[in-house]
Amino acid sequence: MPELPEVEVTRRSFASTIKGARIRAVRLGKPLRWPLGIEPAALVGCTVGEPTRRGKYLWLPLEHDRRASGRTGLNGMTAAGGLLIHLGMSGSLEFAAAMPAAGPHDHFEMTTSTGTLRLTDPRRFGAVVWSAALADDPAARLLGRLGVEPFEAEFDGQMLWSALKRRRVAVKQALLNGDIVVGAGNIYACEALFRAGIDPRTRSDRLSRARCERLAVALRATLAEAVDAGGSTLRDFSDARGRDGTFQLQAKVYGRAGQVCPRCDGTLRRIVQAQRSTYFCPRCQVR
DNA sequence: AATGGCGCCTGAACGC
DNA sequence: TGCGTTCAGGCGCCAT
């Protein structure tokens with residue numbers, strides 16, 4: 001499931017090769033979570049800038065190219081702005097010079113001068129949305145509720161503590177919410193809490209400042225290690241060059257109910273919080 | 001403002 | 001073999 005590491009790994013795998021590419025054609029498959037918001041033909045002729053990431057979203061800036069002639073959109077206009085991309089639950093991007101024929105789960109495809117970018121997303125929780133600017137709607141509305149980036153200096157134990165002390169939900173849910181700090185989905189929230197020795201059921205406002213410090217460090221380290229491992233490939237994630245991730249092999253608790261805790265020899269458990277599986281060690285993760 | 005629950009989707013795994 | 005059920009979970013949205 002694409003969380004911050006998978007999105008970042010994907011970004012790095014095609015950022016430099018797509019930068020500067022001229023869009024030649026855009027085709028859509030079945031509807032994704034939200035409509036594109038612009039005529040696909042209006043994107044033709046734009047040049048793709050450097051892809052960036054915010055939380056689990058990717059932003060592909062599009063620029064006008066003054067030298068461009070040829071195809072234009074409605075009223076002779078081409079679209080600048082950019083594309084906000086979310087991989088949802090089952091999405092992955094591929095960018096390649098030669099692309100096999102589109103399959104039934106390929107729902108967005110953009111042919112450019114240096115290769116084709118394709119979004120494959122069987123469950124269609126993902127989205128590709130055009131926005132005139134990152135600061136304008138719809139991008140602004142989608143990104144507006146997001147918390148801080150975990151690798152920014154602004155995110156630290158103090159900041160986490162002051163945000164959590166106003167919440168009463170379980171700390172696992174607070175992490176998943178993404179309005180305090182972005183990036184952790186179910187896998188990395190579980191792993192970070194294990195690393196910090198914190199019971200995922202702990203009420204957010206009951207965590208001491210020192211434990212928030214540990215959690216902030218643990219979350220950062222977990223996400224960084226996952227990026228280094230190329231993300232987690234549980235089923236079908238791979239980066240834009242088709243490379244699988246390996247973090248699932250070094251996960252300490254996720255998906256390991258019944259196994260021995262790698263730290264204390266207790267038995268790992270699976271519980272359900274907010275209709276989602278939580279994996280943890282009831283012995284060495286304390287409230 | 002914070003919180004809990006719902007719905008969107010499809011494929012895999014499972015029980016009968 | 002075939003069918004129905006459950007599960008996977010990101011996240012906007014709604015009601016409370």
Query raised in the report: Given atom CE of A/Met89 and atom P of C/dA8, what is their separation to the nearest angstrom?
Result: 10 Å

Query raised in the report: What's the CG-C1' distance between A/Leu119 and C/dG10, to the nearest Å?
Result: 14 Å

Query raised in the report: Roughly how many Å is it from CG in A/Asp179 to P in B/dA2, rounded to a whole number?
Result: 8 Å

Query raised in the report: Any donor and acceptor pair, going by atom type alone, linking the side chain of A/Ser204 with main-chain N or O of A/Val169 inside 3.5 Å?
Result: yes

**Report entry** A/Phe108 vs A/Leu83 side-chain heavy atoms within contact, under 4.5 Å
**Finding:** yes

Query - Rounded interatomic separation in angstrom, taking CZ from A/Arg203 and P from B/dG4 - result: 11 Å

Requested in this report: Tell me yes or no: between the side chains of A/Asp136 and A/Ser131, is some donor less than 3.5 Å from an acceptor?
Outcome: no

Query - Distance in angstrom units between A/Phe237 CZ and B/dG11 P, rounded - result: 20 Å

Query raised in the report: Base, sugar-phosphate, or nothing for A/Arg276, non-hydrogen atoms under 4.0 angstrom?
Result: base

Query raised in the report: How far does the P atom of B/dC9 sit from the matching atom of C/dC3, given to the nearest Å?
Result: 24 Å

Query raised in the report: Quick one: is A/Gln173 getting a side-chain N or O under 4.0 Å of the B/dG4 phosphate, OP1 or OP2?
Result: yes

Query raised in the report: Given that A/Val169 and A/Pro122 both sit by DNA chain B, which one's nearest nucleotide is further toward the 5' end?
Result: A/Val169

Query raised in the report: Would you say A/Gln275 reaches B/dC6's phosphate, i.e. side-chain N/O to OP1/OP2 under 4.0 Å?
Result: yes

Report task. In whole angstrom, give the distance that lies between atom CG of A/Leu164 and atom P of B/dT3. Result -> 10 Å

Query raised in the report: NA contact type, A/Ser277, heavy-atom cut-off 4.0 Å: base, sugar-phosphate, or nothing?
Result: sugar-phosphate

**Report entry** First of A/Leu146 and A/Val272 reached from the 5' end of DNA chain C, by closest nucleotide
**Finding:** A/Val272

Requested in this report: Just call it for A/Leu176: base, sugar-phosphate, or nothing, with non-hydrogen atoms closer than 4.0 Å on any strand.
Outcome: sugar-phosphate

Query raised in the report: For A/Arg145, which contact category applies under a 4.0 Å heavy-atom criterion: base, sugar-phosphate, or nothing?
Result: sugar-phosphate

Query raised in the report: Side-chain donor-acceptor pair under 3.5 Å between A/Gln273 and A/Arg201, yes or no?
Result: no

Requested in this report: Between C/dA8, B/dA2, C/dG12, spot the one nearest the side chain of A/Leu142, thanks.
Outcome: C/dG12

Query raised in the report: Does A/Arg141 get its side chain close enough to the base of C/dG12, under 3.5 Å, for a donor-acceptor pair?
Result: no

Requested in this report: Provide, to the nearest angstrom, the distance between the CZ atom belonging to A/Arg124 and the P atom belonging to B/dC8.
Outcome: 12 Å

Query raised in the report: Counting just side-chain N and O atoms, does A/Tyr57 come under 4.0 Å of either OP1 or OP2 of C/dG12?
Result: yes

Query raised in the report: Considering only heavy atoms from C-beta outward, does the side chain of A/Val272 approach that of A/Thr278 to under 4.5 Å?
Result: no

**Report entry** Spacing between A/Lys172 atom NZ and B/dT3 atom C1', to the nearest angstrom
**Finding:** 16 Å

**Report entry** Distance below 4.0 Å between A/Arg33 side-chain N/O and B/dC9 OP1 or OP2
**Finding:** no

**Report entry** Side-chain N,O (A/Arg166) to OP1/OP2 (B/dA2) below 4.0 Å
**Finding:** yes

Query - Step-by-step ring pair (Phe, Tyr, Trp, His ring centres under 6.0 Å) determination, A/Tyr188 to A/Phe247 - result: CA-CA 10 Å; A/Tyr188 302 116; A/Phe247 186 84; 5.3 Å; yes

Report task. Answer yes or no: does a side-chain N or O of A/His105 lie under 4.0 Å from OP1 or OP2 of B/dG11? Result -> yes

